[in-house]
Amino acid sequence: MINIDFLVAGCNTRCLHCYVNGGPALLMPIEDVLLCIEKLETLAQYFLNDTTFTLDHEPTNHPEIIRILQAASQTRYIKNYHHGMTTGVGLMRRQDKDAVIKAYYDCGYDTFGITIHGNAPHHDEIVRRKGAYDTTVAAATYLKSSGANIEVSLMLNRFFAEDASSISAMLQQLEPNYIGFVSPIFTPHVHMKDFEPYRASMETVSAIRGYLSEWKQDEEAILKAAEQNTIEGAVKRLIAGVDLSRLFDLEQDELYLTLHPDCQLYVGNSGAETQCLGDLRHIDLEETASIIKALPGNRDYGAFYDPAILPSTDALTVALEELPQNLIYGDFESVIYRGLTELGVPTKILALNKCLQ
Ligand code: SF4
């Protein structure tokens, strides 16, 4: 599977936990967007795989989003994967928001999602934009009133214990079609440590027992996963001799690429680019396809490390034992990447991201 993160217009927030390097960015001119969709369609014809692109980070920031959606929905060999997540800021400030929503529906996309980080002040602090919470909830309400399915992702942080009743009130008011509960992962992105002071602990999760069921979550499953994915839980697995090689050596069959607003095509997810393949408007597509075909998959972030220079499991365990033991991560792998970051293990990610965020 190949997915291309197609960045047309940046993002309105600068979330501390962002693992796709969101934040304000230049617009891709509409002529370039349309040309790049054509080029991706041609490129996809060289692959037998499932090939998709995603209009990321906040496509409604683009003044020509309606034309972009229409072009993106007419491709044959490459599909536009609509994840629907939005901050709502781009949509709510538009005069033509009803036409934009209609364009989404006409193209077959009727589901949108928002992420909530606690009450309004705490949400705004984590996404680093004043007023972001109010706009996000207003956008979800507006989209729902126009017939959209609304999904809410509750992204766990240390504020959840004190903000639980505010979260419940928001959910009761919005009545979303689906509620998800997410513990932020940790990736080798250059700014990822910024979220660490906000990370929830086992105490946070214990304090929201009762609320989790109210939020339609499987309380026992969340508590169990949280415990397993604390640093302490991961260290226990390391000491028990868990095999780490599968994180770094296993062949992966999903490849992520990123297309920047300047039309440069990169290998790697947004913010984790490892190789520039050139300007999509001008590169030889057949040659680029053969380069891409030879690339290993990179869905899991183990692909961003060189197995030859990894520390020993003992060194990693010692580094993790120095960190707060009860902090919760999205998965076991995240704890390993947290430890590698603490040890300063270099990744294959290009230095171009050092200046971002
Ligand atoms: S997490 Fe999403 S909304 Fe937040 S900065 Fe990243 S892309 Fe933007």
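Just so you know, ligand 1 is whichever comes first in the structure, and atom 1 is the first atom listed for that ligand. Because only heavy atoms are used, hydrogens play no part in the values below, and waters and symmetry mates are left out as well, while side chains stay in.
Between Phe112 and Tyr104, the gap from one ring centroid to the other is short of 6.0 Å.
The closest approach between a heavy atom of Val127 and any atom of ligand 1 is not below 4.0 Å.
Using a cut-off of 2.8 Å, one finds that Cys15 contributes no N/O/S atom close to atom 8 (Fe) of ligand 1.
Between Arg209 and Glu219 a salt bridge is recorded (basic side-chain N to carboxylate O distance below 4.0 Å). Comment: Glu333 engages Arg246 in a salt bridge, judged by a side-chain N to carboxylate O separation of less than 4.0 angstrom.
For Gln228, the side chain to side chain contact (heavy atoms under 4.5 Å, CB included) test picks out Lys224, with sequence neighbours left out. Residues passing the side chain to side chain contact (heavy atoms under 4.5 Å, CB included) test with Glu203, sequence neighbours excluded: Ser201, Asn326.
Using a 4.0 Å cut-off between heavy atoms, Val20 contacts ligand 1 through its side chain alone, with no backbone atom that close. Of all the heavy atoms of Thr87, the ones lying under 4.0 Å from any atom of ligand 1 belong exclusively to the side chain.
Every atom of ligand 1 is numbered from 1 in the order shown, and the set under 4.0 Å from a heavy atom of Thr13 is 3 (S), 4 (Fe), 5 (S), 8 (Fe).
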